[in-house]
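Throughout, numbering of the chain's residues begins at 1 and tracks the sequence.
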Amino acid sequence: QVQLVESGGGLVQAGASLRLSCVVSRLKMNTYAMGWFRQAPGKDREFVGAIDWSGKRTYYADSVEGRFTITRDSAKNTVYLQMNSLKPEDTAIYSCTAGAPAATPMNSNFDLKTGHYGYWGPGTQVTVSS
């Protein structure tokens with residue numbers, strides 16, 4: 001079955017950077033949008049950002065705009081979340097997700113924030129100390 005596995009989380013101080021990776025198996029990742037969400041203790045899961053199937057379009061939550069960047073490497077079937085200038089409020093479990101299977105492949109109209117993401121990884125913990 002389709003698998004998404006995140007890595008790269010850890011404990012860092014405020015102002016530091018981390019790069020999360022998400023390796024996708026058994027899915028043609030380069031035909032679907034890929035997203036990152038996060039969930040802090042006691043809070044609902046929230047959208048962080050996403051990249052469309054072509055890699056040409058991205059969308060970020062206001063809270064991370066300008067600090068976080070999503071890229072994808074289709075050859076490695078991997079999507080990345082580069083996080084700079086981390087803040088304590090970025091502390092959360094970060095999960096990657098694929099805009100499949102409900103969406104059609106190579107769908108340029110897929111809504112990166114509200115579209116249906118059907119496959120999820122287990123997440124990786126990011127903790128930012130002040």
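- Connection of L4 to L112 is not established within any shared hydrophobic cluster, with ILVMFWY side chains joined at heavy-atom distances below 4.5 Å, either directly or through further cluster members.
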**Report entry** Derivation of the side-chain contact (heavy atoms from CB on, under 4.5 Å) call for T91 and Q125
**Finding:** CA-CA 8 Å; T91 295; Q125 176 71 48; 4.0 Å; yes
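- The stretch residues 57-80 participates, sequence neighbours left out, in these ring-ring contact (aromatic ring centres under 6.0 Å, His included) pairs: F47-Y59.
- Hydrophobic clustering, with ILVMFWY side chains joined whenever heavy atoms are under 4.5 angstrom apart, groups V2 together with I51.
- Under the 4.5 Å side-chain heavy-atom criterion for Ile, Leu, Val, Met, Phe, Trp and Tyr, Y94 and V12 are members of the same hydrophobic cluster.
- Minimum interatomic distance between A92 and A40 (heavy atoms only, all atoms of both residues): CB-N, 3.8 Å.
- Every pair passing side chain to side chain donor-acceptor pair (under 3.5 Å) that includes a residue from residues 101-115 is listed here, sequence neighbours excluded: W53-S108, D111-T114.
- Within the structure, the salt bridge (charged side-chain N to carboxylate O under 4.0 Å, His left out) test picks out the following pairs touching residues 60-88 (sequence neighbours left out): R67-D90.
- Legend: disulfide (SG to SG under 2.5 Å) pairs involving residues 25-91, not counting sequence neighbours: none detected.
- Within the 4.5 Å cutoff, no side-chain heavy atoms of W36 are placed close to those of M83.
- For S129, there are no side chain to side chain donor-acceptor pair (under 3.5 Å) partners two or more places apart in sequence or in a different chain.
- For the side chain to side chain donor-acceptor pair (under 3.5 Å) test, no residue two or more places apart in sequence or in another chain qualifies with Q39.
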Just list the side-chain donor-acceptor pairs under 3.5 Å for residues 19-33, sequence neighbours left out, or say none.
residue	atom	partner	partner atom	Å
R26	NH1	Q1	O	3.2
T31	OG1	K28	O	2.7

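- Among residues at least two apart or in separate chains, there is no disulfide (SG to SG under 2.5 Å) pair with a member in residues 36-76.
- Every residue was checked against the side chain to side chain donor-acceptor pair (under 3.5 Å) condition with S85, not counting sequence neighbours, and none meets it.
- Applying the salt bridge (Lys or Arg N to Asp or Glu O under 4.0 Å) rule to E46 yields the partners R38; only residues at least two apart in sequence or on another chain are considered.
- One finds the CD atom of E6 at 9.0 Å from the OG1 atom of T97 (value rounded to the nearest 0.5 Å).
- G118 approaches P101 most closely through the heavy-atom pair CA-CD, 4.2 Å.
- Evaluation of the ring-ring contact (aromatic ring centres under 6.0 Å, His included) rule for Y117 yields F37, F110 as partners, not counting sequence neighbours.
- Scored by the side chain to side chain contact (heavy atoms under 4.5 Å, CB included) test, P88 finds A14, V128, S130 as partners (sequence neighbours excluded).
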